[in-house]
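Okay, so here's the structure we're looking at.
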Amino acid sequence: MRSIRAAATGAVMLSLALAASACGGGSSAGGGSNDSPKELTYWASNQGASIEADKKVLQPELDKFEKQTGIKVKLEVVPWSDLLNRILTATTSGQGPDVLNIGNTWSASLQATGGLLPWDDEQFEKIGGKDRFVDSALGSTGAEGQPPAAVPLYSMAYALYYNKQMFADAGIDAPPATWDEFVAAGKKLSKDGKWGTAMEGSNPSENVHHAYVFAKQHGADFFTADGKPDFTGDGVVTAVKQYVDLMAKDKVIAPGNAEYAQNQSVSDFAKGRTGMLLWQSASANLKSQGMSEDAYGIAPVPVQSGSPGPGKQVNSMVAGINLAVFKNTDNLDGATEFVKFMTSDAEQKILNTAYSSIPPVKAAQADPAFNTPANAVLKDTLANSAVALPQVPDESQFETAVGTAVKDLFADAAAGRPVTTHSVKAALTKAQQQMPTK
């Protein structure tokens, strides 16, 4: 995930990228070429426990691609703290990789730079057709009414992971289904130096994901129907306060989590320091840190009341990674062939198994290997109770502005300063003022 500094820089860089998109690199027509048909550069996002772990997953597959096609792929795994900033710099300068991973929430923002290859129907046919992909994944590939800016690669959803032994020791019989139950369980778990749950309080993107879901559960949104920022409505303010109150009022999150930004919350759960974790497709990460699959259960993220579903019962954003091609690549045919390879049924099974994510390709998702109890929760969430973050050109600035506002509220909570409805609204008002004016 992105660091504070990278996120803040990203907002500035995106503005520059938007201004420069009409005069980006590549050919005079702004398109790609096939001047270097035997090589590709690929920026992969850091999906595993470390960059080295990702290289161990990806390099054998890239070697397989080279053997099949004769095209050598130069791999760079880019940390989340750097990825968006690197991409925005590349769209401005015209000097970037041929193929890259993007967080699916960035699709519309990066699409607006003009730096990515549009995936129209003709381009999709080169990789087997758009109908190979599940609808929820395609819904997070760019602005509505425009050809997608990228192709789905990994699909994820948030789930509630809970430590079975800690639950038993605390006398908790079942995973919480509502936030009231979540807080009650968290208070029982928060003792003897351990805590109910953990959050990445200093990670803007993670903050936005949770704040957005809470807002949807309150029937609110951060944007109007015509795409204008609307951060200060009662529903949004109530939602953000409820999220921050897990630390400020409910005391089920350690104050030190206000500084978390590098997946420390996953490590705390894996090491038995917290009893619950709200995370995207965490199984592979937990296993890499020595936590047995038998040690934890997985359940849907809580809702305000009842059970997850459409409307106000949404309990996750549609998380995932998309695969994009820079428009000015010098190996357009090879880049397209690489996307076809990475989204093939066989590779989808290999890669999504390695990252405990869900294949966005229908045939791969139907494979028995993805019919585990954990995946059942994730697939059901993606199908029935997850929504895409706003696919608007200003989405990246939204993540930065609101995510940083929530980070500052967590800092207040950690320092013992009151987090009130007034202070939450003031923070969100400031965030809205940071958004671009049309």
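Any value given below was found using the heavy atoms of this structure, including those in side chains, with hydrogens, waters and symmetry copies removed.
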(request) Output the distance between atom NZ (Lys362) and atom CD (Gln348), rounded to the nearest 0.5 Å. (result) 13.5 Å
(request) Flag the pair Asn257 / Phe410 as yes when at least one side-chain heavy-atom distance between them is below 4.5 Å, and no otherwise. (result) no
(request) Let me see the working for Glu337 and Phe65 under side-chain contact (heavy atoms from CB on, under 4.5 Å), right down to the final yes or no. (result) CA-CA 9 Å; Glu337 193 66 26; Phe65 176 75; 4.1 Å; yes
(message) Looking at Ser316 and Tyr158, would you say the former's side chain and the latter's main chain have a donor-acceptor pair under 3.5 Å?
(response) yes
(request) Write down the atom of Gln434, the atom of Ala401, and the distance for their closest heavy-atom approach. (result) OE1-CB, 3.7 Å
(message) Quick one, Phe133 and Val151 - any side-chain contact, counting heavy atoms below 4.5 Å?
(response) yes
(message) Please tell me whether Ser267 and Gln289 have a donor and an acceptor in their side chains that are separated by less than 3.5 angstrom.
(response) yes
(message) Looking at Gln146, I want to see if its CD is surrounded by more than 12 non-hydrogen atoms of other residues, nucleotides or ligands under 6.0 Å.
(response) yes
(request) To the nearest 0.5 angstrom, please state how far the OG atom of Ser136 sits from the CD1 atom of Ile358. (result) 10.5 Å
(request) Please check if the side chain of Arg132 supplies one atom and the backbone of Phe124 the other of a donor-acceptor pair under 3.5 Å. (result) no
(message) Determine whether a donor-acceptor pair (N or O, by modelled atom type, separation under 3.5 Å) exists between the side chain of Asp98 and the backbone of Thr329.
(response) no
(request) State, without any angle test, whether Gln242 and Gln217 hold a side-chain donor-acceptor pair at a distance under 3.5 Å. (result) no
(message) As an exercise, state the distance from CG of Asp268 to CE of Met276, rounded to the nearest 0.5 Å.
(response) 13.5 Å
(message) Using every non-hydrogen atom in the two residues, find where Met342 and Glu347 come nearest and quote the distance to one decimal.
(response) O-CB, 3.9 Å
(message) How long is the straight-line distance from CD of Glu206 back to CH2 of Trp80, given to the nearest 0.5 Å?
(response) 11.0 Å
(request) Please indicate whether Gln68 has more than 12 foreign heavy atoms, meaning atoms of other residues, nucleotides or ligands, lying under 6.0 Å from its CD. (result) yes
(message) Can a donor-acceptor pair be found, under 3.5 Å and without considering hydrogens, that links the side chain of Ser385 to the backbone of Pro308?
(response) no
(message) Under the ring pair (Phe, Tyr, Trp, His ring centres under 6.0 Å) test against Tyr162, which residue among Phe182, Tyr296, Phe167 passes?
(response) Phe167
(message) I need the minimum non-hydrogen distance between Lys407 and Ser202, along with the two atoms involved.
(response) CG-CA, 3.8 Å
(message) Determine whether a donor-acceptor pair (N or O, by modelled atom type, separation under 3.5 Å) exists between the side chain of Asn322 and the backbone of Ser140.
(response) yes
(request) Decide if atom NZ of Lys164 counts as having more than 12 heavy atoms of other residues, nucleotides or ligands within a radius under 6.0 Å. (result) yes
(message) Any heavy-atom pair between the side chains of Glu399 and Ser205 that's under 4.5 Å?
(response) yes
(message) Please evaluate residues His210 and Met199 with respect to the criterion side-chain contact (heavy atoms from CB on, under 4.5 Å), reporting the C-alpha separation (whole Å), side-chain torsions for both, the decisive distance (0.1 Å), and the verdict.
(response) CA-CA 10 Å; His210 292 294; Met199 293 288 187; 4.1 Å; yes
(request) Check whether any side-chain N or O of Ser190 sits under 3.5 Å from a backbone N or O of Lys187 as a donor-acceptor pair, and report yes or no. (result) no
(message) Please tell me whether Asp330 and Ser33 have a donor and an acceptor in their side chains that are separated by less than 3.5 angstrom.
(response) no
(request) Look at atom NZ of Lys194 and say whether more than 12 heavy atoms of other residues, nucleotides or ligands are closer to it than 6.0 Å. (result) no
(message) Using 30° and 60° as the class boundaries, would you call the ring planes of Phe231 and Phe398 parallel, tilted or perpendicular?
(response) tilted
(message) Taking the side chain as everything from C-beta on, heavy atoms only, tell me whether Gln313 gets closer than 4.5 Å to Asn384.
(response) no
(request) Taking the six-membered ring for Trp and the full ring for Phe, Tyr or His, determine whether the centres of Phe223 and Tyr212 are under 6.0 Å apart. (result) no
(request) Please indicate whether Lys349 has more than 12 foreign heavy atoms, meaning atoms of other residues, nucleotides or ligands, lying under 6.0 Å from its NZ. (result) yes
(request) Applying side-chain contact (heavy atoms from CB on, under 4.5 Å), run through Ile102 and Leu84 and close with a yes or a no. (result) CA-CA 8 Å; Ile102 64 173; Leu84 181 61; over 6 Å; no
(message) With a 6.0 Å cut-off (strictly less than), is the heavy-atom count around NZ of Lys64, excluding the residue itself, greater than 12?
(response) yes
(message) Under a 3.5 Å distance rule, please check whether Gln111 uses its side chain to pair with a backbone N or O of Ser107 as donor and acceptor.
(response) no
(message) I want to check something: taking the side chain as every heavy atom from C-beta on, are Leu323 and Tyr42 in contact at a cut-off of under 4.5 Å?
(response) yes
(request) With the side chain counted from C-beta on, respond yes when Leu189 and Ile172 share a heavy-atom pair under 4.5 Å apart, and no when they do not. (result) yes
(request) Please confirm whether the backbone N or O of Leu40 pairs with a side-chain atom of Asn331, one donor and one acceptor, at under 3.5 Å? (result) no
(request) Could you tell me whether the side chains of Tyr154 and Asn101 share a donor-acceptor contact shorter than 3.5 Å? (result) no
(message) Could you tell me if the side chain of Pro79 sits less than 4.5 Å from the side chain of Ile51, heavy atoms only?
(response) yes
(request) State the CG-CE distance between Asn104 and Met317, to the nearest 0.5 angstrom. (result) 5.5 Å
(request) Verify side-chain contact (heavy atoms from CB on, under 4.5 Å) between Met166 and Thr274, making sure each step is shown before the conclusion. (result) CA-CA 9 Å; Met166 290 179 68; Thr274 59; 5.9 Å; no
(request) Please confirm whether Trp179 and Phe214 have ring centers closer than 6.0 angstrom. (result) yes
(message) Any side-chain to backbone donor/acceptor pair from Glu200 onto Gln264? Under 3.5 Å, distance only.
(response) yes
(request) Could you pull out the closest heavy-atom pair between Pro360 and Leu153, with the gap in Å? (result) CD-O, 3.2 Å
(request) Check whether more than 12 heavy atoms from other residues, nucleotides or ligands sit under 6.0 Å from atom CD of Glu66, and answer yes or no. (result) yes
(request) Check for a donor-acceptor pair, side chain of Tyr161 on one end and backbone N or O of Ala282 on the other, with a separation under 3.5 Å. (result) yes
(message) I want to check something: taking the side chain as every heavy atom from C-beta on, are Pro176 and Leu160 in contact at a cut-off of under 4.5 Å?
(response) yes
(request) Locate the shortest heavy-atom distance separating Glu181 from Ala177; write the atom from each residue and the value. (result) OE1-N, 2.7 Å
(message) For Pro302 versus Leu278, what's the shortest heavy-atom pair and its separation?
(response) CD-CD2, 4.3 Å
(message) Determine whether Thr336 and Gln123 satisfy the following criterion, side chain to side chain donor-acceptor pair (under 3.5 Å), listing intermediate values before the conclusion.
(response) CA-CA 8 Å; Thr336 302; Gln123 188 68 15; 2.9 Å; yes
(request) To the nearest 0.5 Å, tell me how far Thr141 OG1 sits from Leu116 CG. (result) 11.5 Å
